[in-house]
Colleague: 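My questions will all concern the structure given below.
Reminder, nothing fancy here: chain letters follow the sequence lines and each chain counts from 1.
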Amino acid sequence: MGAELLRMSASELGAAIRTGETTSAAATEAYLDRIVEVDGEVHAFLHVDREAALEQARAVDARLAEGAEPGPLAGVPVAHKDVFTTKDMPTTAASKILEGWRPPYDATVTTRLREAGLVILGKTNMDEFAMGSSTENSAYGTTRNPWDLSRIPGGSSGGSSAAVAAYEAPLATGTDTGGSIRQPAAVCGLVGAKPTYGGSSRYGLIAFASSLDTPGPFARNVLDAAMLHEAFSGHDPRDSTSVDAPVPPVVEAARRADIEGLRVGVVKELDGEGYQPGVLRRFHETVELLEGLGAKVAEVSCPSFGAALAAYYLIAPSECSSNLARFDAMRYGLRVGDDGTRSAEEVMALTRAEGFGPEVKRRIILGTYALSSGYYDAYYGSAQQVRTLVKRDFDAAFGSVDVLVSPTTPTTAFPIGERADDPMAMYLADLCTIPSNLAGNAALSVPCGLAPEDGLPVGLQIMAPALADDRTYRVGAAVEAALARQNGSDLLSGSAFAV
Amino acid sequence: MSAITRDEVAHLARLSRLALHEDELDQLAAQLDVIISAVAKVQEVAQGDIPPSSHALPLTNVYRPDEARPGLDPDQALAGAPAVEDERFRVPRILGEEA
């Protein structure tokens, strides 16, 4: 029974719990057992509280027995990225500076998971403060990719992607600032979505780069991702950048999965040199598949995308250098060197030097540099102009096509350690995902096969205009269904951690 | 010519309230040199009078109703504090001896 529960999709599991075929407590126990079985190898979780999770599950079972209708995912377990505040669990953002911290309030995403009856299994590992593409920047050890334990699970939401890929959770939350949901989803063979900026609330999300940070879902299939997206998204008065508009009809789009007549643009600049051959092969095959399904495919040029990565690595560190000033050793978190002889400023500097890891320090210094008097116009100012150009490229493209597509990442999962000492090489993992963060539009990654040379998952990125998130799900679901028909099985069944 | 010197990194570390070790300064100077040279690419593209974008959304002045709402009580607010005294955050001295 345990493996059967793990194999069910989140939507199937939700239905089985509602009809009384199984219970949330049984499903939660099956996933907790699975975590005990495999997380020693995968290290997806930073915190799991078995009793608390089972208590949540029993409470949902009781609510359902009384006739409550919390929603289609009621009783389904979820893994929660450790960047969202949770008042009943520690929240660290994988940093030593917040070790053991218990927030006094829940993030809006956390609150909505609870209201929808989802059971939070625990908090997942990540790159410290969501800065990275591999989870190697976590202060609590690296997460491993279930497809190959010697490789990275992506990042920064790598604990979430690994948890879902290893069947330790049917669903997980993530945050995407430059690709931190789509890239880990792609390299772990999952579906991951970055909603339209402002479509999901940042309240209670530990801030990295506030103009870019976007919470989003991970799942093993497109419909499950859409259901989780719908469960925690929508307007939040506590977040002043939250969009006051209805959540796009993502679940309906995932069920529809029809792309007849849809205009698809292939981004010329996100193709060719620098990409792994097997990634390009699967990408081009999938574009042909879309054509076969009735889509009208055309090549589209977005000339400013070539400078998007550079603009991002000025804008994101600039915002981070400001946001992370709040970690000052005074009101919460770590305090080092307060022996009565040192000033507040000295204690602050010692605490931050000890509490932050190398990548966080690197980005704080870089951001401080880019915002310095004398350099501001040349770096931060120019980067903001590039941001305008990227938005214009998207606007022009969406004048002639409904969605844009590209590979999600230039390569499949790389070996742990390969890029750890080369920050620029690490940053290249976000090459294809960054433009949508700068422009704030919707984007989703869906598995499109395994690269022939290494047998590792490849992701197709689908980008749509702001508030047209449903289009990304529609195309994603069409690709998923066509590949399942073609291959006779889903991609994850080929993983070493398949159940 | 390098884009950034070790002394500049030390200055930036002081501004950022980061008490970095000597070896960290050396390592960061070398890495930041590579990164800054790469991201300087934005200057080639961003020419002329292109307006800057600080944000993805055209939102300005979002207000909420000016109504009292429940907040944290003192125990909750102080629960994560490194040091507490008389229902207040206890902090190291912020003024010099001569003050």
Colleague: To the closest 0.5 Å, what do you measure between OG (A:Ser382) and CD (B:Gln47)?
Modeller: 9.0 Å
Colleague: With a 4.5 angstrom heavy-atom cut-off, could you sort out which part of A:Ala311 is near chain B: side chain, backbone, both or neither?
Modeller: both
Colleague: Quick one: pull up CG in B:Leu15 and OG in A:Ser372 and give me the separation to the nearest 0.5 Å.
Modeller: 6.5 Å
Colleague: State whether the side chain of A:Arg352 and the backbone N or O of B:Ala19 hold a donor-acceptor pair below 3.5 Å, judged by distance alone.
Modeller: no
Colleague: More than 12 heavy atoms of other residues, nucleotides or ligands under 6.0 Å from CG of A:Asp421: is that the case?
Modeller: no
Colleague: Which heavy-atom pair separates A:Arg387 from B:His55 by the least distance, and what is that distance?
Modeller: NH1-N, 3.8 Å
Colleague: CD of B:Glu8 to OH of A:Tyr375: how many Å apart, nearest 0.5 Å?
Modeller: 4.0 Å
Colleague: Non-hydrogen contacts under 4.5 angstrom with chain A: give the residues of residues 65-78 of chain B involved, or none if there are none.
Modeller: B:Arg69, B:Leu72, B:Gln76
Colleague: Are the side chain of B:Lys41 and the backbone N or O of A:Gly306 linked by a donor-acceptor pair below 3.5 Å?
Modeller: yes
Colleague: Please classify the contact of A:Phe394 with chain B as side chain, backbone, both or neither, using a heavy-atom distance under 4.5 Å.
Modeller: neither
Colleague: Mind checking the OH-CG spacing from A:Tyr369 to B:Leu32? Nearest 0.5 Å is all I need.
Modeller: 9.0 Å
Colleague: Side chain, backbone, both or neither: which part of A:Leu212 has a non-hydrogen atom closer than 4.5 Å to chain B?
Modeller: neither
Colleague: So which residue, A:Ala353, A:Gly355, A:Ser242, ends up with the most heavy-atom pairs under 4.5 Å with chain B?
Modeller: A:Ala353
Colleague: Which one, A:Gly440, A:Pro423, A:Pro237, A:Gly100, leads in non-hydrogen pairs under 4.5 Å with chain B?
Modeller: A:Pro423
Colleague: Output the option from A:Met348, A:Glu346, A:Arg342 having the highest count of non-hydrogen pairs under 4.5 Å with chain B.
Modeller: A:Arg342
Colleague: Answer with side chain, backbone, both or neither: which region of A:Ala466 has an atom nearer than 4.5 Å to a non-hydrogen atom of chain B?
Modeller: neither
Colleague: Return yes if some donor-acceptor pair links the side-chain N/O of A:Gln385 with the main-chain N/O of B:Ile50 below 3.5 Å, else return no.
Modeller: yes
Colleague: How close do B:Ala56 and A:Lys391 get, heavy atom to heavy atom, and via which atoms?
Modeller: O-NZ, 3.7 Å
Colleague: Checking A:Val390 against chain B: side chain, backbone, both or neither under 4.5 Å from a heavy atom?
Modeller: neither
Colleague: Which atom names give the shortest non-hydrogen contact between A:Val386 and B:Ala46, and what distance separates them?
Modeller: CG2-CB, 4.1 Å
Colleague: Under a 4.5 Å heavy-atom cut-off, does chain B meet the side chain of A:Tyr427, its backbone, both or neither?
Modeller: side chain
Colleague: Which of the residues A:Trp101, A:Tyr379, A:Tyr313 is involved in the greatest number of heavy-atom pairs with chain B at under 4.5 angstrom?
Modeller: A:Tyr379
Colleague: Specify the closest pair of heavy atoms between A:Ile365 and B:Ser16, including all atoms of both residues, with the distance to one decimal.
Modeller: CD1-OG, 4.2 Å
Colleague: Determine whether A:Gln384 and B:Ser53 satisfy the following criterion, side chain to side chain contact (heavy atoms under 4.5 Å, CB included), listing intermediate values before the conclusion.
Modeller: CA-CA 5 Å; A:Gln384 286 188 306; B:Ser53 295; 5.5 Å; no
Colleague: Using the side chain to side chain contact (heavy atoms under 4.5 Å, CB included) definition, which of the options B:Ile36, B:Ile4, B:Leu12 pairs with A:Leu366?
Modeller: B:Ile36
Colleague: What part of B:Ala13 lies closer than 4.5 angstrom to a heavy atom of chain A: side chain, backbone, both or neither?
Modeller: both
Colleague: Less than 4.5 Å to any heavy atom of chain A: does that hold for the side chain of B:Gln27, its backbone, both, or neither?
Modeller: neither
Colleague: List the atom of B:Ser54, the atom of A:Ser211, and the distance in Å for their closest heavy-atom pair.
Modeller: O-CB, 3.6 Å
Colleague: Below 4.5 Å from any heavy atom of chain B, which atoms of A:Thr341 appear? Answer side chain, backbone, both or neither.
Modeller: backbone
Colleague: For B:Ile94 and A:Glu345: C-alpha separation, side-chain torsions, deciding distance, then whether side chain to side chain contact (heavy atoms under 4.5 Å, CB included) applies.
Modeller: CA-CA 7 Å; B:Ile94 56 168; A:Glu345 198 174 313; over 6 Å; no
Colleague: Hey, is the main chain of B:Pro51 close enough, under 3.5 Å, to the side chain of A:Thr388 for a donor-acceptor pair?
Modeller: yes
Colleague: Roughly how far apart are B:Arg17 CZ and A:Leu324 CG, rounded to 0.5 Å?
Modeller: 15.0 Å
Colleague: Could you check whether atom NZ of A:Lys96 has more than 12 heavy atoms from other residues, nucleotides or ligands sitting under 6.0 Å from it?
Modeller: yes
Colleague: Once rounded to the nearest 0.5 Å, what's the spacing between atom CZ of B:Arg90 and atom CG of A:Asp338?
Modeller: 7.5 Å
Colleague: Which atoms of B:Glu44 are under 4.5 Å from chain A, going by heavy atoms: the side chain, the backbone, both sets, or neither?
Modeller: neither
Colleague: What are the two closest heavy atoms between A:Arg335 and B:Val91, and how far apart are they?
Modeller: NH2-CA, 3.9 Å
Colleague: Using heavy-atom distances under 4.5 Å, tell me whether B:Arg14 contacts chain A through its side chain, its backbone, both, or neither.
Modeller: neither
Colleague: Contact part of B:Ile35 toward chain A, heavy-atom cut-off under 4.5 Å: side chain, backbone, both or neither?
Modeller: both
Colleague: Pick one of side chain, backbone, both or neither for A:Thr368, based on which atoms fall under 4.5 Å of a heavy atom in chain B.
Modeller: both
